[in-house]
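A short write-up of the structure that comes next.
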Amino acid sequence: MATTFSALPDSVQRPSSGPRLESPLHPASRWLFLAVLLGGFAYAGFSIFSDTAQVGEQMATGVFLFLGLALLIALGFEFVNGFHDTANAVATVIYTNSMPAAVAVVWSGFFNFLGVMFSSGAVAYSIITLLPVDLILHVGSNAGFAMIFALLLAAVLWNLATWYVGLPNSSSHALIGSILGVGFANQLISAGSKGGTAGVDWGQAEKVLSALLFSPLLGFIGALLLLFVMKLVLRNPKLYSAPEGNAPPPRGIRALLIGTCTAVSFAHGGNDGQKGMGLIMLILIGCAPTAYALNRTMPESATPAFVASATAAAEAFGAHGGAANSDVGAARTTLTIALQTKHAATPTVYAAVDTLSRDVSQRIGAFGSLEKVPAKATPNLRNDMYLVLDTTRLVTKDAGAARIFSEPELKAIAGYQANLEQGTRYIPLWVKITVALALGLGTMVGWKRIVITVGERIGKTHLTYGMGASAELMAAGTILLAQNYGLPVSTTHILTSGVAGASVANGAGLRAKTVTSMALAWLLTLPVAMALSGGLYWLLLTLLDIFGAR
């Protein structure tokens with residue numbers, strides 16, 4: 001018979017025969033944890049030193065320390081993300097006695113690590129494109145550094161606050177809210193002087209926010225329907241019964257639940273790990289542009305193809321552009337204004353893209369490869385490539401572009417965009433490894449608060465095997481689908497919505513207090529994170545003015 005929780009207040013309810021969340025750890029495990037953590041930081045420091053030395057970039061001690069602090073906060077965000085979000089993945093296997101708690105969190109941490117390592121990086125730059133273009137182009141400025149610190153601190157503070165009260169809040173929501181807050185504050189501070197480049201790209205924001213809005217609904221409805229289907233197809237009554245005492249489930253059911261936990265952990269690492277990667281790349285570009293502003297790992301053999309694609313795209317734009325203009329500076333100004341006004345479908349802009357694209361290809365062709373671009377030329381080249389990439393995307397998003405450009409021309413432009421992305425948007429292997437370590441290790445601490453909420457306080461009865469499996473299958477499928485399209489989504493909201501949907505399908509009902517608190521956190525996260533990051537950004541800029549650093 002299912003154990004109920006309705007007799008006690010939510011704050012103290014625990015199942016009479018619930019899982020054992022406390023288990024003694026071998027003393028060596030703490031030393032191993034600390035060794036891996038410190039080893040990850042040492043590896044990051046050595047990689048930065050090696051990369052900058054290889055290109056002849058000398059960082060002052062102050063800049064290196066500043067970089068270290070920024071990386072510490074960024075990795076801290078991923079660490080907090082680990083124990084905040086991944087608790088959702090392990091709650092089902094713990095509360096169905098499929099795995100001991102200590103084993104489950106280590107297992108989940110390992111597959112989070114693998115998820116990060118096999119990720120594409122598409123989500124990382126989907127997050128970055130929310131930031132103001134002006135700050136991305138000048139990320140090494142004081143305003144750029146203020147932006148990074150403000151959004152990271154705001155996201156970490158809100159995550160810690162919700163974790164402390166045991167509320168399954170979304171790290172993705174917190175980070176995206178922080179980014180929107182910085183962009184909105186920067187636009188207000190700039191008072192319109194920089195137009196659209198000073199604020200948020202609301203077109204991209206709409207795409208990201210839509211994914212965050214609809215994915216929990218998909219999790220709820222999908223898990224509800226999936227459990228109904230399971231009941232029709234899989235008639236084993238044990239699937240829909242609460243665990244008996246602390247006994248593990250039958251072997252087949254246990255394998256299913258461990259498999260779904262593994263899938264959610266892997267998917268979480270692949271999606272959430274990329275958010276930290278994108279932020280770390282911004283930090284690296286700002287502090288060490290020579291080493292990280294361009295993808296110096298691109299082989300020299302790729303240069304002719306890059307030059308050819310740039311020439312083909314330039315010819316496509318030139319065919320529809322106005323009078324040819326050889327002034328590269330004027331072309332930059334034209335493209336900057338186009339991004340400010342979000343209006344690029346004009347012959348003047350086409351001509352400017354033609355001019356700047358030919359100039360970029362000539363410079364890269366003269367150097368021989370991105371690896372050989374000298375230190376002094378790196379920031380300007382990267383900014384020009386970024387300008388061209390964002391402007392061409394603005395052009396191709398225009399509804400009339402298909403009528404203006406032929407299919408072969410659009411194909412040439414798409415190929416050029418892909419090469420520009422490869423040259424400016426990449427993730428070094430060591431960044432993936434350090435983020436994977438931070439996220440993986442984060443799963444192994446502080447997980448109990450969220451696990452108890454997911455396992456005990458959403459439905460009114462004990463979590464059954466079928467409920468756990470259906471919720472996690474929908475969560476893993478939804479996250480992997482979003483990752484394929486480069487969309488950041490919330491593991492927390494998808495999985496907790498899935499548990500709620502499965503509870504309804506199982507006739508368990510929902511705890512109004514917990515669901516209301518979760519919905520309130522869902523509604524408050526964006527505005528609170530925006531207010532926190534916007535306020536911190538303004539404060540940091542004010543302090544820079546006071547101390548004469550701007």
Side-chain angles (χ1 to χ4, degrees), residues 10-11 21 33-34 37 40-41 68-91 105 108-109 112 127 146-182 212 268-269 271-273 275-280 283 434-435 437-455 457 488 490-493 495-496 514 517-537 539-540:
D10 280 352
S11 58
L21 299 182
F33 181 93
L34 185 62
L37 188 65
F41 283 123
L69 176 61
L71 284 176
L72 184 64
I73 297 174
L75 292 172
F77 168 78
E78 285 300 336
F79 188 86
V80 172
N81 186 358
F83 68 71
H84 196 292
D85 281 20
T86 311
N88 297 285
V90 299
V105 293
S108 179
N112 264 274
I127 288 283
M147 166 190 73
I148 291 169
F149 275 105
L151 67 90
L152 280 173
L153 287 172
V156 170
L157 287 172
W158 182 245
N159 270 353
L160 287 174
T162 51
W163 164 81
Y164 184 76
V165 297
L167 201 58
N169 169 62
S170 165
S171 296
S172 300
H173 271 64
L175 179 59
I176 290 167
S178 298
I179 290 173
L180 295 179
V182 167
L212 290 177
H268 175 264
N271 197 285
D272 280 45
K275 296 155 192 170
M277 291 182 207
L279 295 174
I280 287 174
I283 296 166
T434 50
V435 168
L437 284 174
L439 189 65
L441 292 175
T443 65
M444 302 176 196
V445 299
W447 46 270
K448 295 184 186 68
R449 292 174 185 267
I450 308 297
V451 162
I452 291 171
T453 299
V454 175
R457 296 176 183 161
S490 165
T491 301
T492 299
H493 288 153
L495 196 136
T496 52
T514 301
S517 297
M518 287 167 55
L520 189 62
W522 187 82
L523 291 171
L524 286 178
T525 293
L526 279 175
V528 170
M530 285 179 69
L532 271 174
S533 64
L536 285 169
Y537 180 65
L539 177 62
L540 291 171

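All residue numbers refer to positions in the sequence shown, counting from 1.
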Original post:
Side chains of Ile280 and Leu75: closer than 4.5 Å at any heavy-atom pair?
Top reply: yes

Subject >> Taking every non-hydrogen atom, the tightest pair across Val182 and Ala150 >> reply: CG2-CB, 4.1 Å

**OP:** Please round to the nearest 0.5 Å and tell me the distance separating atom NE2 of His173 and atom CH2 of Trp158.
**Re:** 11.5 Å

Original post:
Residues in side-chain contact (heavy atoms from CB on, under 4.5 Å) with Leu437, at least two apart?
Top reply: Val36, Phe113, Ile433

Original post:
What residues, two or more places apart in sequence or in another chain, satisfy side-chain contact (heavy atoms from CB on, under 4.5 Å) together with Ile73?
Top reply: Leu69, Phe149, Leu152, Leu153

**OP:** Of all the heavy-atom pairs spanning Ser108 and Val90, show the shortest one and how long it is.
**Re:** CB-CG1, 3.4 Å

Original post:
Side-chain contact, heavy-atom cut-off 4.5 Å: Leu279 with Ile148?
Top reply: no

Original post:
Which atom pair, heavy atoms only, marks the closest approach of Gly177 to Met530?
Top reply: O-CG, 3.0 Å

Original post:
Roughly how far, to the nearest 0.5 Å, is the CG atom of Asn81 from the CG atom of Asp272?
Top reply: 4.5 Å

Subject >> All side-chain contact (heavy atoms from CB on, under 4.5 Å) counterparts of Ser178, not counting sequence neighbours >> reply: Leu151, Ala154, Ala155, Ala529, Ser533

Subject >> Close side-chain approach of Leu72 and Phe41, heavy atoms under 4.5 Å >> reply: yes

Original post:
What heavy-atom pair brings Ala74 and Ile283 nearest, and what distance separates the two atoms?
Top reply: CB-CD1, 4.0 Å

Original post:
Should His268 and Leu439 be marked as a side-chain contact (heavy atoms from CB on, under 4.5 Å) after you check the CA-CA gap, both sets of side-chain angles, and the distance that decides it?
Top reply: CA-CA 10 Å; His268 175 264; Leu439 189 65; 3.8 Å; yes

Original post:
Can you check whether Ala438's main-chain N or O pairs, donor with acceptor, with Glu78's side chain at less than 3.5 Å?
Top reply: no

Original post:
Which value, rounded to the nearest 0.5 Å, describes the distance between Leu175 atom CG and Asn159 atom CG?
Top reply: 9.0 Å

